Amino acid sequence: GSNYSLDGNNEMHLGFIHRRLRTHEKREMQKEILSILGLPHRPKPNLSQGKYNSAPLFMLDLYNTISGEEKIPVEVKLSRYHSTTQSLPLATYQETAFLNDADMVMSFVNLVEYDRELSPQRRHHKEFKFNLSLIPDSEAITAAEFRLYKECVSRTIRNETFLLKVYQVVKEHPDREADLFLLDSRRLWAADEGWLEFDITATSNLWVMSPVHNLGLQVSLETSSGLSISSKEAGLVGRSGALEKQPFMVAFFKISNVHIRAPR
Amino acid sequence: STGGKRRQQNRNRSTQPQDGSRSSAPADYNSSDQKTPCRRHELFVSFRELGWQDWIIAPEGYAANYCEGECSFPLNAHMNATNHAIVQTLVHLMNPENVPKPCCAPTKLHAISVLYFDDNSNVILKKYQNMVVLACGCH
């Protein structure tokens with residue numbers, strides 16, 4: 001802040017000098033606050049994708065839930081982007097429950113996504129990968145979710161349903177399908193619209209403990225008659241979709257030991 | 001003290017000029033004249049002023065308060081001035097050089113949450129316990 005006691009010694013004195021900080025004072029203040037926040041340096045994110053896409057909006061919703069302050073409700077921000085006014089809040093009751101118990105929440109952007117247009121007899125699938133190696137050590141994942149946005153598919157008949165399956169990639173092979181482990185499956189209506197969340201807590205803990213096993217997730221879809229279709233046909237939003245509907249992953253953490261601030 | 005003496009004291013007191021400084025009775029443990037009452041000062045740490053709004057999403061900043069001054073026990077409190085004076089006197093008699101000066105310290109602390117991007121554009125929401133002083137008082 002600007003009104004920091006600057007008369008040299010450590011004692012705080014009453015007579016604050018209300019003036020702007022000089023450059024070196026500002027740099028000292030920045031170092032001090034970064035050390036209190038437990039950050040080695042100030043992050044320099046690459047925000048070419050814009051500051052408010054799906055993950056930051058979701059996290060801002062969690063932040064507002066925690067701080068309970070009167071902020072602009074996130075839905076208002078979202079409706080600015082959407083023609084439809086879906087009423088789904090981003091953070092569901094379940095996330096709020098995780099939130100109360102967590103010391104830290106982290107969202108991860110999807111690093112890779114292949115829409116393998118394979119020959120008809122092989123199935124379409126979409127791959128997602130998240131880099132969990134950046135988690136500060138001493139953090140334990142208490143819950144993790146994979147979030148996908150589904151738009152209403154108006155082309156097909158309204159009461160068509162799709163079967164969506166989420167797999168963990170266990171082993172990859174160059175010449176054939178990867179070995180997969182089914183994590184979750186869900187029947188969706190073509191007319192459904194909103195966020196889908198899938199619990200990947202166990203998978204995320206495996207990826208943290210053994211990064212070599214982090215081969216990502218696969219999502220596949222088929223119609224009620226068993227025909228494999230692409231996620232785009234089923235209305236799932238991928239990298240080419242709207243920024244605020246991009247798929248992402250979110251993990252809730254409990255700190256196993258308190259961050260002790262190094263004396264400066 | 002006996003009643004007579006007390007009457008004497010009362011007579012003395014009423015004749016004394018009303019000056020600001022207090023007599024240096026043994027219970028009076030402070031020589032400093034001005035008594036800064038126990039107070040909480042607010043410093044606002046503005047992330048915007050630090051030029052960090054490109055990576056911190058929320059909040060704009062936070063109130064980093066601190067406490068200063070001396071405690072005074074409200075007379076109707078559990079530890080009232082008389083008990084306090086007796087305790088101080090006893091401590092003084094036992095160990096003259098370190099008469100405890102009641103500190104004024106945070107007695108109620110509050111967490112803040114900070115929402116920010118990391119170097120890889122992932123978003124982190126972190127709770128920092130005991131960052132804001134909500135109340136000051138005596139320990």
Side-chain angles (χ1 to χ4, degrees), chain A residues 1-5 12-14 16 20-21 26-27 29-30 32-34 36-39 41-49 51-53 55-60 62-64 66-67 69 71 99 102-109 111 130-131 134-136 248-250 252-253 255 258-259, chain B residues 32-70 103-106 109-134 136:
Chain A
S2 56
N3 53 358
Y4 182 68
S5 157
M12 287 279 198
H13 286 291
L14 268 181
F16 285 106
R20 302 201 69 75
L21 291 177
K26 190 167 177 177
R27 204 169 304 119
M29 179 70 91
Q30 287 171 337
E32 188 64 26
I33 293 170
L34 284 172
I36 290 173
L37 296 178
L39 297 172
H41 60 273
R42 56 154 290 166
K44 291 183 176 58
N46 163 18
L47 298 177
S48 55
Q49 290 277 330
K51 193 168 181 180
Y52 287 112
N53 51 39
L57 281 174
F58 172 76
M59 295 294 281
L60 191 55
L62 294 185
Y63 172 82
N64 292 334
I66 282 190
S67 52
E69 287 163 11
K71 285 200 168 98
L99 193 57
D103 299 304
M104 182 175 98
V105 188
M106 197 163 170
S107 67
F108 299 86
V109 292
L111 297 177
F130 305 97
N131 178 1
L134 308 163
I135 292 173
F248 64 95
M249 173 194 154
V250 61
F252 297 78
F253 299 87
I255 298 181
V258 182
H259 151 65
Chain B
S32 67
D33 287 348
Q34 85 278 10
K35 300 242 175 300
T36 46
C38 177
R39 278 192 317 172
R40 185 184 67 157
H41 295 282
E42 173 154 334
L43 270 180
F44 186 73
V45 175
S46 161
F47 292 139
R48 175 175 297 280
E49 282 197 20
L50 292 169
W52 284 350
Q53 61 277 17
D54 62 324
W55 61 277
I56 289 192
I57 302 170
E60 290 285 315
Y62 65 91
N65 306 309
Y66 77 96
C67 302
E68 188 179 27
E70 285 179 23
C103 66
C104 177
L109 295 165
H110 191 59
I112 64 161
S113 303
V114 179
L115 186 67
Y116 62 92
F117 285 100
D118 70 4
D119 284 319
N120 300 284
S121 309
N122 295 319
V123 182
I124 295 175
L125 169 57
K126 201 158 189 179
K127 278 183 213 166
Y128 291 90
Q129 303 298 344
N130 306 333
M131 287 289 268
V132 179
V133 176
L134 291 187
C136 299

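A quick note: this is a predicted structure, and the numbers were derived from the prediction, not measured.
Your options are Ile112(B), Val114(B), Asn120(B), and the one with the most heavy-atom pairs under 4.5 Å with chain A is Asn120(B). Of the residues considered (Lys127(B), Met131(B), Gln129(B)), Lys127(B) shows the highest number of contacts with chain A, using heavy-atom pairs under 4.5 Å.
Inter-residue side-chain proximity for Met59(A) and Asn122(B) is flagged as unmet; no heavy-atom pair is nearer than 4.5 Å. Residues Phe47(B) and Ile33(A) form a side-chain contact, since some pair of their non-hydrogen atoms from C-beta on lies under 4.5 Å apart. By the 4.5 Å heavy-atom criterion applied to side chains, Phe117(B) and Pro43(A) are not counted as neighbours. Within the 4.5 Å cutoff, the side chain of Leu50(B) has no heavy atoms near those of the Arg42(A) side chain.
Every residue two or more places apart in sequence or in another chain that forms a side chain to side chain donor-acceptor pair (under 3.5 Å) with Glu60(B) is listed here: Arg48(B). Under the rule for a ring pair (Phe, Tyr, Trp, His ring centres under 6.0 Å), the partners of Trp55(B) that lie at least two apart in sequence or sit in another chain are Trp52(B), Tyr116(B).
A donor-acceptor pair is defined here as one N or O able to donate and one able to accept, closer than 3.5 Å; no such pair exists between the side chain of Asp119(B) and the backbone of Pro45(A).
The distance from atom CG of Leu39(A) to atom CD1 of Ile124(B), rounded to the nearest 0.5 Å, is 7.5 Å.
Minimum interatomic distance between Pro56(A) and Val123(B) (heavy atoms only, all atoms of both residues): CG-CG2, 3.8 Å.
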